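Here the structure is a predicted model, which is why all the values come from computation and not from measurement. Start at 1 with the first residue, then count along the sequence. Counting convention: from 1, in listed order, for ligands and their atoms alike.
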Amino acid sequence: MDADVGIIGLGTMGSMAMWQLAKSGASVIGFEQFGVGHDRSAAGGESRIFRTAYKEGTHYVPLLKDAYKLWRNLEEESGNPLLTLTSGLIIGHPETADMKNVYKSIQEYHLDHEVLNWEEAGKRYPQHRLQKGEQIIIDKLSGYLRPQLSIVSAVQRARDLGAEIHSHTAVDHIKSERDGVTIFAGGKTFKVRKVLVTAGPWAVNFMQEFADFMDVRRLVNAWFLPRKANHFCEENFPVFTREREGFYYYGFPSVDGNMVKIGMFTTEKSRISSPDSLDRAVDLKELAAFAEIIEKDLPGLYPDPSRVNSYMEIYTADRHPVIGTSTGQDRIIYLTGFSGHGFKLAPVMGKIGAELALYGKTDYHIEPFSPARFIREGSV
Ligand SMILES: Cc1cc2nc3c(=O)[nH]c(=O)nc-3n(C[C@H](O)[C@H](O)[C@H](O)COP(=O)(O)OP(=O)(O)OC[C@H]3O[C@@H](n4cnc5c(N)ncnc54)[C@H](O)[C@@H]3O)c2cc1C
């Protein structure tokens, strides 16, 4: 046996699982097809929002609270600043389903927050042009993460604790056997007791039975220069998410004292046929949607972006992740399908992946993320 656990993909989830496994004393081998900390899949673009008042469901809140503590642990262990709290603005009309869900998680878990009506919001955050009737919910346990530094920090920490890392080494395939799993990578074979599939957009290559329930989507981010830099620094301009007339987007303060990053939520139209076909060029039509946001809602920014880029992510049919094993394959654990909102959860997901690999169970409530929901239902 070469190791207790093998990890396919040292991106967001794989790096955190590797850190947690190495910390628990397990032997672990990780494979990454590109360099560790690359920006070619789901973790690129230098910032990710952390938020706790969660529109995606109240059941995430306990996970987010633990994720917060684990982010702070990783900061201590690595000596790197990874999470900056700015508080977070959730902007929208109070009657929308998302705003109601946010409020439900606040009430259920007594989360520290404030609610501003549009008049108060306009005075406090004049950078956002609000429509009458919209409100801002301020989530106090919210801010931004540094994704690539986080991944490198977790992998480095795991290496220091004894983990074996094979970067620039793609796993070609895996074979489950009675006593373990053989991994075929870089012209060699490795035998491990359990495998964690954390391959992000490429995960379907290792879980074909889920192909009908998962799709890879392209997500564009654009960076804009402020007319007045100090209006958009992190003290004055917290991270935010906004829904206006069914249109969803989010943004960050200028984390480098310079540009403000804006991203749009994806739709099914952003589907791509394969992660290897990601088109990184962004065309004028896509930029027009960003220009409209700036013109209507954020007039303190110059409408022409200074930088644009595209990334990708794997989505499931219900936008919740897939965590656990498939029928008859208890040596292969999936930790994937984070559907555009997984980064903030990464360390707690790494911990869950490590517990499933080592003990076959976890105390976290992961039932809503069970792979069986797709197998059982047959369609979603
Ligand atoms: C533009 C964008 C903005 C986002 N914003 C937010 C946000 O603000 N807040 C938030 O919480 N979440 C956000 N997300 C979602 C979050 O970033 C993802 O959910 C998370 O990064 C997914 O992690 P992952 O480990 O599944 O994938 P990745 O981080 O992509 O990791 C998968 C890794 O596996 C490797 N790999 C694949 N196949 C193989 C193979 N055969 N052999 C070896 N290695 C392999 C890949 O190279 C990659 O490094 C955003 C996502 C995108 C794309």
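- Annotation: Lys344 places an N or O atom under 3.5 Å from an N or O atom of ligand 1; distance criterion only.
- Only backbone heavy atoms of Thr198 (N, CA, C or O) come within less than 4.0 Å of ligand 1; its side chain stays farther off.
- Residue Phe343 has at least one N or O atom closer than 3.5 Å to an N or O atom of ligand 1.
- Inclusion of Gln33 in the set of residues having an N or O under 3.5 Å from an N or O of ligand 1 is warranted.
- For ligand 1, none of its N or O atoms has an N or O atom of Phe206 under 3.5 Å away.
- Ionic pairing of Arg244 and Glu134 is not present here: no N-O contact between side-chain nitrogen and carboxylate oxygen is shorter than 4.0 angstrom.
- Scanning for salt bridge (Lys or Arg N to Asp or Glu O under 4.0 Å) contacts around Glu234 gives an empty result, with sequence neighbours left out.
- Heavy-atom separations between Tyr250 and ligand 1 include at least one value shorter than 4.0 Å.
- Counting heavy atoms closer than 4.0 Å to ligand 1, residue Trp202 contributes side-chain atoms (C-beta onward) but none from N, CA, C or O.
- The side chain to side chain contact (heavy atoms under 4.5 Å, CB included) check on Thr362 picks up Ile352, Glu355, Leu356, Tyr364, Ile366, with sequence neighbours excluded.
- For the pair Gly340 and ligand 1, a heavy-atom separation below 4.0 Å is found.
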If you apply the rule ring pair (Phe, Tyr, Trp, His ring centres under 6.0 Å), what do you find for His341 with Tyr54, and how did you get there?
CA-CA 10 Å; His341 63 107; Tyr54 220 54; 5.7 Å; yes

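- Residue contacts with ligand 1 include Thr169, since one of its heavy atoms falls under 4.0 Å from the ligand.
- The closest approach between His38 and ligand 1 falls below 4.0 Å for a heavy atom of the residue.
- A ring-ring contact (aromatic ring centres under 6.0 Å, His included) with Phe343 is found for one member of Tyr311, Phe338, Trp71 and no other, namely Trp71.
- Only side-chain heavy atoms of Pro201 come within less than 4.0 Å of ligand 1; its backbone N, CA, C and O stay farther off.
- For Gly45, the heavy-atom gap to ligand 1 stays at 4.0 angstrom or more.
- For the atom pair OH of Tyr248 and CZ of Phe265, the computed distance is 8.0 Å after rounding to the nearest 0.5 Å.
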